Amino acid sequence: MTVYAEILLPLPLNRTFYYTVPPDLAPAAVVGARALVPFHRRRLTGIIIGLKDEEPTFDFDLKGIERILDEKPFFSVSYLAFTKAASRYYFSAWGELLLSALPASFIFESRTRVRRTERGAEYAASDSAGPREKDLLLFLGEKTYSSTYLKRTLKISGLVSIINRLEKKGCLEVLTEVGKVKRRRTAAPSPSSLQMEMDYSLDEGLLQSIRPIVDSLSAGGFQPYLLRGPAAEREGIYRVLIQEARRRNKNVLFLSPEIAATEPWREALEKKIGLTVVPFHSRMTEKERELSWRSIRRGEAPVVFGPRSALFAPLDNLGLIVVDEEADESYMQWENPVFDARRGAWIRGQVERIPVVYGAHVPTVETLALVEEEGRVISFGSGGVRPSVQVVSSRSRKEILARPLITAVRRFLEQGEHILIFVGKRGFASYLICSACGFVPRCPKCRISLTYHKGIRRLVCHYCNIQQPQPDRCPSCGKGDLRGRGAGTEVVEEELKRLFPGRTVERFDSDTAGTSGKQKTLIRHFERGKIDILVGTRLLAHQVNLAPVTFLAVLNPEVMLTLPDFQAGQRAFLYLSRLIRFLDGEKKSLYMIQSDFPELPVIDRFAAGDTETYLAGEREFRELMGYPPSGQMIELLLSGDTPRSVSAASRLVLSRLKAETEGVEVLGPSFVSRARIAGLHKVQFVLKAPDRQEIDTVLPGILEGISIRKKVIVHG
DNA sequence: AGCACGCCGACT
DNA sequence: GTCGGCGTGCTC
């Protein structure tokens, strides 16, 4: 009896393929196993997701599986279900998502390799060879290269047809061989060793408040929780929860934003509760990744620890997922496959029917709303010792640094203290601001700040593409003119050097701290007191291992609000909150904010330590505009290397959107100005709908057959 | 995603 | 006349 296998392949296609299972492979062919299959003119690693006795009805003969790569299922049924649900949620191809989570060494593919023959060498020396043929043949020399490598490196147009022609003439040999896929390594980790204070003493009250989570561990079933409170208490709770899960013989997946921060945690957990904690992140070497995968697959990992990529750790028998520092933006993966590990953890928890615990001192409104609706929010801690926060106005002043700020800097320097100054450097977007009243032009429809396009001298909305000519006078007060604003680190550095001659002022930004070596040096110098004032950007804000200071200042954080993004306000508030940890809680510390708009809710409420009012305001804004969590918002990006291909695809998408988008508001297309990769043309649509259902019914059809590069960013 | 097939402009 | 550009379509 012949058996037929349904196989998922690593292709951007929302479909599967069928193969026959040769009798000798039948025992090994199980759901979840990897299979090497012939596909068109190549060979690919796929995953068996179904087996049938009946032949699927096709009017062509099926090909047979060539090899089964695993004796036991490589993926469990629940892992398959989870990745399928995640791919549906993020509109990505299941096969592509599933196989991209896998270490490259587990994937086999055939590759075409090109080699020059003797005749090819002679031909290259002769006059009859064309210039491009010569280039290719000379480049090849005696070595063999893959055709994709040649395409990337040589940049000869029509390379494929040249190869074909030379092959026919007998000048080249084209070979195919099956081998492991080599994947490009991601950037080196930014190393830092966070010395985390682990306070394991949980008081009775705290134990009582997490009782529901412990009950959920026993009862099973999906149940989301949000722990709102200081890090020290959260850590204690996690430790208890991990132990409770282990007592029930369940495994734990623990997500934490920074790779650098995970290592000390891992060590502490291993030491203090005697558990094997397996690290899992994308910056491990291929070998390490492979080892982690194998040990997790063998069930040797009771706790897996890592950043967003650890969401896809192949753990079985899961009992609990923890997402710490829930508000951290690094949970979002912006490149394909686009996903948000926070939401991914939610989906995995639903599939596995287990509790998911989010933790944050200041949560995102998205998670807060979701958990309030379907789970439980547990708040604790008084908010900890808060430094005194002082806001100084810099409105309508020409000086880069406000007087009271300079005075404070001087005072702390005289006390022998070392100072951190954070610059909300612009450079994400160009924007205009009124020099007199501080008015920032916003889109009347989307309420996000308009982006200034210098070339056309127009203000453009990044979401809906509404355009306005650059006004001569401020439309709000009629007096001032609109100009760009926002001093960068360099300007601030210069100013400080001028004001405080004899003091050491250093800059920590992508220029001076571009490599981890440079970062380490700067940090070491600061720690050793060799730097009096360190001026940094968000790059510094993300460093976790600075010894606490007694004074820090943030310059004009309102520039963050000019980002053309509905999350700009939240991001600014979270940024300000994050910096608190640089301050010494033991001593009398000062946190100073210089702003043109001290009255802005984000700044004003932060200074007052009034997170609740800020969160309420943020939710009100989201609700008013239909942004998440009050509505669904999806960004659809199309990119290609010619303007023509992009505009053709964009027209097609637009006509489809117009034809069948009941209940979905469509904004755009607008051009993506900050196309990071040079020479790439990008267009963006924004889709808004009250809930996912509308979008789910419409979007797959719209994306069908769009052959250029596309990216779907699902918010909320 | 690859990779081949197939149809129109500038050149050995 | 061919070469070689890239649109279009298919892969079990």
Side-chain angles (χ1 to χ4, degrees), chain A residues 2-22 25 29 35-52 54-67 87 92-100 104 107-114 123 126-136 146-152 155-169 174-176 178 181 183-184 335-337 639-649 651-652 703-711:
Chain A
T2 324
V3 183
Y4 302 90
E6 184 179 4
I7 290 184
L8 196 61
L9 295 169
L11 301 170
L13 303 170
N14 282 312
R15 48 166 304 193
T16 54
F17 294 86
Y18 289 89
Y19 288 85
T20 58
V21 182
L25 296 181
L36 190 69
V37 295
F39 186 74
H40 209 200
R41 238 148 265 228
R42 43 193 177 138
R43 229 148 294 177
L44 294 173
T45 300
I47 306 296
I48 302 176
I49 57 158
L51 292 161
K52 289 188 178 65
E54 280 165 58
E55 179 160 12
T57 44
F58 288 117
D59 49 7
F60 55 86
D61 290 332
L62 298 182
K63 290 182 181 172
I65 292 175
E66 218 157 89
R67 247 163 78 194
S87 72
S92 58
W94 183 16
E96 210 175 17
L97 184 85
L98 184 64
L99 283 129
S100 72
I107 299 171
F108 291 83
E109 263 179 28
S110 66
R111 280 175 303 170
T112 54
R113 317 252 314 153
V114 179
Y123 181 72
S126 74
D127 290 337
S128 44
R132 278 182 286 192
E133 291 176 332
K134 258 187 185 160
D135 283 348
L136 173 63
S146 78
S147 56
T148 36
Y149 175 80
L150 291 172
K151 243 176 269 174
R152 268 208 316 274
K155 296 203 168 82
I156 295 177
S157 57
L159 187 70
V160 182
S161 41
I162 293 169
I163 290 174
N164 288 339
R165 195 171 58 228
L166 289 172
E167 191 196 5
K168 274 188 208 127
K169 287 182 185 166
V174 179
L175 324 143
T176 55
V178 177
V181 171
R183 225 182 266 163
R184 242 191 310 151
E335 296 310 314
N336 278 331
S639 61
D641 33 36
T642 63
R644 239 179 1 144
S645 63
V646 176
S647 65
R651 267 198 303 277
L652 182 59
L703 295 174
E704 194 140 327
I706 303 296
S707 52
I708 66 168
R709 278 182 77 82
K710 52 183 179 271
K711 193 151 104 178

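Each chain gets a letter, A, B and so on, in the order the sequences are listed, and its residues count up from 1. Every value quoted in this text rests on a predicted model; they were computed, and no experiment measured them.
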Have a look at A/L9 and say if it touches a base, only the backbone sugar-phosphate, or nothing, with a 4.0 Å heavy-atom cut-off.
nothing
For A/L8 and B/dA1, give me the distance from atom CG to atom C1', rounded to whole Å.
14 Å
Show your reasoning for whether side-chain contact (heavy atoms from CB on, under 4.5 Å) applies to A/L703 and A/N14.
CA-CA 11 Å; A/L703 295 174; A/N14 282 312; over 6 Å; no
Whole-Å gap separating P (B/dC3) and CZ (A/R43)
13 Å
OP1 or OP2 of B/dC3 less than 4.0 angstrom from a side-chain nitrogen or oxygen of A/R41, does that happen here?
no
Please state whether the base of B/dA1 and the side chain of A/R709 form at least one donor-acceptor pair under 3.5 Å?
no
Length of the line joining A/I7:CD1 and C/dC12:P, which is rounded to integer Å:
11 Å
Is the shortest side-chain heavy-atom distance between A/P22 and A/I65 below 4.5 Å?
yes
Which heavy atom of A/L62 sits nearest a heavy atom of A/Y18, and at what distance?
CD2-O, 3.7 Å
Here the distance between atom P of B/dA1 and atom CD1 of A/I706, to the nearest Å, is 12 Å
Contact class for A/Y18 (heavy atom, under 4.0 Å): base, sugar-phosphate, or nothing?
base
Let me know the distance between CG of A/L13 and C1' of C/dT11, rounded to the nearest Å.
8 Å
Rounded distance (Å) that lies between atom P of C/dC10 and atom CG of A/L11:
16 Å
Whole angstroms only, please: what is the CD-C1' distance between A/E109 and B/dC3?
13 Å
Rounded distance (Å) that lies between atom P of C/dG9 and atom CZ of A/F60
18 Å
Mind checking A/P38 for me? I need base, sugar-phosphate or nothing, with any heavy atom below 4.0 Å counting as a touch.
sugar-phosphate
Tell me which donor-acceptor pairs under 3.5 Å the side chains of residues 38-46 of chain A have, and how far apart each pair is, sequence neighbours excluded?
residue : atom : partner : partner atom : Å
A/R43   : NH1  : A/E66   : OE1          : 3.4
A/T45   : OG1  : A/F108  : N            : 2.6
A/T45   : OG1  : A/F108  : O            : 2.5

